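The structure appears below as structure tokens.
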Amino acid sequence: MTKIKEALEILKRGCVEVISIEELENKLKLAEKESRKLVVKLGADPSAPDIHLGHVVVLRKLRQFQDLGHEVQFLIGDFTGLIGDPTGKSKTRPVLTKEEIGKNAQTYRDQIGSVLDMKRTKIVFNSDWLSKMNFQDVLMLAGKYTVARMLERDDFENRYKTHQPISISEFLYPLMQGYDSVAMKADVELGGTDQKFNLLVGRSLQREYGQVPQVILTMPLLVGLDGVEKMSKSLGNYVGISEAPKDMFGKLMSIPDNIMWNYWELLTDHDMNEIKKMKNEVEEGKLHPMTVKKDLAVEIISQFHTHEEAKGARDEFEKVFSKKENPTDMEEYAVSESELSPLDISVVLGFAPSKSEAKRLIKQGGFKVDGKPVTDPFSSVTITDGMVIKYGKRKFGKIIKK
RNA sequence: GGAGAGGUUCCCGAGUGGUCAAAGGGGGCAGACUGUAAAUCUGUUGGCGGACGCCUUCGGAGGUUCAAAUCCUCCCCUCUCCA
């Protein structure tokens, strides 16, 4: 197999779609011949610098391009961020200040560095070119696409059919994103399958502006912790890559058993045959799903923390949730009173968002003093030094008597 | 511009004068169970007061009434059809 073929094999893996393979092959050949790097584009939202495992699926693919010698241009959509991608429900968003954008960009830099090779990564902002366009430029751009073609987009079509509002500015969004590719002279653009339409607009526009259209690669959307919706920050069903190992571990253990195969496939380098083998063994009852899930969690966490930390998270999880023991490290709280009610303790330790909620939780048996439930919110608890309070499933606190 | 429909609690969605803090579902939380923060089942789900109670909430602002999510006025927003 030639080098190019090998590269193609690597790049194809895991993709839902590549448009088109032939074009990608040509680009790779040309790049080699002219000994230049392909510009590989990935766009990101400026307001949510909180990279989660869903993004990692795509970032890993970018990394493969880098390992093959190409350059990643990580686009921060500080200008498009004013509208918000219609894929979501959000409409216009508050304008971010330059400082905020700069800060978010730095956060991105810090976070994507755990997956990407930052020496081969360039960060760009689309306000650099979009904010300079005047109304005439916008008209020219808008003239290159039709309403009917816009409505082909799944999301628009659905909303249109179900009588949901679509603002004109939302129609502009794909055009802006497409124009980014023109401005960046992108050779390749990656995205989740939900981005396919936008990516294709990029191709059309590049053609209109006399460029060779970018090749697009779409990646599967990672299912979130609920096992149903795609992983996203706004749905709260995500694992952030800068989270603490123990939080990552807990969250990963909360995914439904049946979607963990998906995680194995998209988030680890594990051999596909081995993954299938594990799946069969679980189905045959030879392997406990929990064990497999724990291994998965360790393997994922090790990519963002040390292997030791990942294993530590596992031990801690087993200790707290399987053996129902107290965590090794607990937040300590100094208390001077000698008697307090469970309700007061919940409030004093800051565990309860509201007193009504605390009362409910206590009555339901979710409040424990040294492992023993106290269900009367108003009973009197004698405060002793080193006393351990458990509030709900995950909140622990150790009391230090003053 | 004209005609019609609609805006309800985290989300979807019922409710058209008091019995409404508001059905039902989703989600969340808690408990039980399980060698999982899986699955399943049960409970719970505005806030403040230990209970009887009070306060804030049904697009916004006023008004009618002993009493309004429900009636009236004006305004804002969305959708449909016509132009």
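Bear in mind that the values here come from a model prediction, so they are computed numbers and not experimental data. Proteins come first, then strands; the chains are lettered A, B, ... in the order of their sequence lines, and each starts at number 1.
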Give the nucleotide from the list [options] with an atom nearest to the side chain of [X].
X	options	result
Phe378(A)	rG35(B), rG50(B), rG31(B)	rG50(B)
Asp257(A)	rU80(B), rU36(B), rG47(B)	rU36(B)
Lys359(A)	rA51(B), rU36(B), rC29(B)	rA51(B)
Ser354(A)	rC79(B), rU34(B), rG47(B)	rG47(B)

Checking N1-N3 plus N6-O4 or O6-N4 for Watson-Crick, or N1-O2 and O6-N3 for wobble, each under 3.5 Å, the partner of rA68(B) is none
Margin query: Quick one: does any side-chain atom of Asp78(A) pair with a main-chain N or O of Ser127(A) as donor and acceptor, under 3.5 Å?
Written below: yes
Exercise for the section: Name the nucleic acid region contacted by Lys293(A), choosing base, sugar-phosphate or nothing; use a 4.0 angstrom heavy-atom cut-off, strictly under. Expected result: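 Counting heavy atoms under 4.0 Å across all strands, the contact made by Lys293(A) includes a base.
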Basic-acidic side-chain contact under 4.0 Å: [X], [Y]:
X	Y	answer
Asp315(A)	Lys319(A)	no
Lys29(A)	Glu25(A)	yes
Glu170(A)	Arg153(A)	no
Arg36(A)	Asp187(A)	yes
Lys286(A)	Glu281(A)	no

So, OP1 or OP2 of [N]: does either fall under 4.0 Å of a side-chain N or O from [X]?
X	N	result
Lys355(A)	rG49(B)	yes
Ser254(A)	rA38(B)	no
Ser356(A)	rG46(B)	no
Ser322(A)	rU36(B)	no

Anything under 3.5 Å between a protein N or O and an N or O of nucleotides 2-8 of chain B, put it in a table, one pair a line.
none

Quick tally for nucleotides 52-57 of chain B: nucleotides whose base has a protein heavy atom under 4.0 Å get B, sugar-phosphate-only ones S, the rest -, giving ------
Does the gap between the ring centers of [X] and [Y] come in under 6.0 Å?
X	Y	result
Phe351(A)	Tyr333(A)	yes
Tyr145(A)	Phe171(A)	no
Phe156(A)	Tyr160(A)	no

On a whole-Å scale, what distance lies between the P atoms belonging to rC79(B) and rU19(B)? 36 Å
Contact check, residues 360-376 of chain A vs RNA chain B, heavy-atom distance under 4.0 Å, returns Arg360(A), Leu361(A), Gln364(A), Gly365(A), Gly366(A)
